[in-house]
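Worksheet: the structure to be examined is printed underneath.
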Amino acid sequence: VPPPGLQPAGQSGNAQPPTVNKTTVNSIGMKLTLIPAGEFLMGSPDADSAASHREKPQHLVKISKPFYLGVYEVTQQQYEKVMKTRPWQGKDYVKEGADYPAVYVNHDDTVEFCRRLSKQEGVEFRLPTEAEWEYACRGGTTTIYSFGDNMSKLGQYAWYVTNSLDGGEWYAHRVGQKLPNPWGLYDTHGNAWEWCQDWYGPYGSKEVVRDPIGPLKGPDDS
């Protein structure tokens with residue numbers, strides 16, 4: 001499996017007027033799209049025996065404010081422009097290049113990337129919460145994948161074991177080579193793993209929640 005990369009940096013925002021730009025590009029070439037406020041069923045239904053218990057119980061989540069999200073995974077070129085480092089250099093399971101995802105970055109690295117980018121751009125950039133990420137990944141759908149329930153189509157939308165690792169391509173591929181989800185986001189399925197702002201925490205119940213944030217500390221934190 002390719003090493004973890006950087007989840008597209010989220011740019012938070014308050015409720016926006018109808019005339020707001022639906023896409024924007026920042027100074028390092030990151031394209032962001034506006035994700036609308038709304039609600040979705042987070043997690044997997046009890047009937048889905050293939051899903052992890054960590055994804056249950058499925059429950060209604062309300063996202064109260066629109067926010068911008070990166071259309072692509074953060075690339076090596078973009079990461080290096082901000083951080084002046086190349087943590088993936090010389091590591092296993094990496095293909096280097098301007099349009100390949102930035103990988104071998106830990107959670108602290110991603111938070112620092114967002115902090116420096118915020119200072120550089122004059123607007124807030126942050127990682128999305130787990131709820132925001134799943135909401136955006138689903139793209140308004142209620143199916144197992146953003147493109148439906150038929151896994152045979154997965155290769156059209158994602159780099160994964162069958163069309164990547166099994167063919168000897170043990171690395172995260174160039175961003176944006178597969179089809180996007182309904183909201184125009186690429187590589188939400190497959191390719192590099194992606195960090196979120198909060199740590200995983202059990203869902204707990206089926207109660208409706210609004211803008212949930214998971215634990216702020218994880219098992220490796222002191």
Selection residues 34-47 - residue pairs positive for salt bridge (Lys or Arg N to Asp or Glu O under 4.0 Å), sequence neighbours left out: Asp46-Lys206
SG-CG distance between Cys137 and Asn181, expressed to the nearest 0.5 angstrom: 6.5 Å
Salt bridge (Lys or Arg N to Asp or Glu O under 4.0 Å) pairs, two or more places apart, involving residues 145-172: none
Side chains of Glu121 and Ser27, donor plus acceptor under 3.5 Å: yes
For the student: nearest non-hydrogen atoms of Trp159 and Ser164, plus distance: CE3-CB, 4.3 Å
Only pairs under 3.5 Å count here: list side-chain donor-acceptor contacts from residues 80-89, not counting sequence neighbours, and write none if there are none.
unit_1: Lys84; atom_1: NZ; unit_2: Lys81; atom_2: O; d: 2.9
unit_1: Arg86; atom_1: NH2; unit_2: Glu96; atom_2: OE1; d: 2.7
unit_1: Trp88; atom_1: NE1; unit_2: Gln76; atom_2: OE1; d: 3.2

Joint hydrophobic cluster, Leu41 plus Val209, side-chain heavy atoms closer than 4.5 Å: no
Verdict with reasoning, Asp211 to Ser64, per side-chain contact (heavy atoms from CB on, under 4.5 Å): CA-CA 7 Å; Asp211 300 323; Ser64 67; 2.4 Å; yes
Verdict with supporting geometry, Phe40 and Tyr135, ring pair (Phe, Tyr, Trp, His ring centres under 6.0 Å): CA-CA 7 Å; Phe40 75 110; Tyr135 174 63; 5.3 Å; yes
Gln77 versus Asp99, side-chain donor and acceptor atoms under 3.5 Å: no
Contacts of type ring-ring contact (aromatic ring centres under 6.0 Å, His included), residue His59, not counting sequence neighbours: Tyr203
Residues in ring-ring contact (aromatic ring centres under 6.0 Å, His included) contact with Tyr157, at least two apart in sequence or another chain: Phe147
Derivation of the salt bridge (charged side-chain N to carboxylate O under 4.0 Å, His left out) call for Arg126 and Glu132: CA-CA 12 Å; Arg126 61 173 174 81; Glu132 288 172 335; 2.9 Å; yes
All ring-ring contact (aromatic ring centres under 6.0 Å, His included) counterparts of Tyr100, not counting sequence neighbours: none
Point-to-point distance, once rounded to the nearest 0.5 Å, from OG1 of Thr129 to CZ of Phe67: 7.0 Å
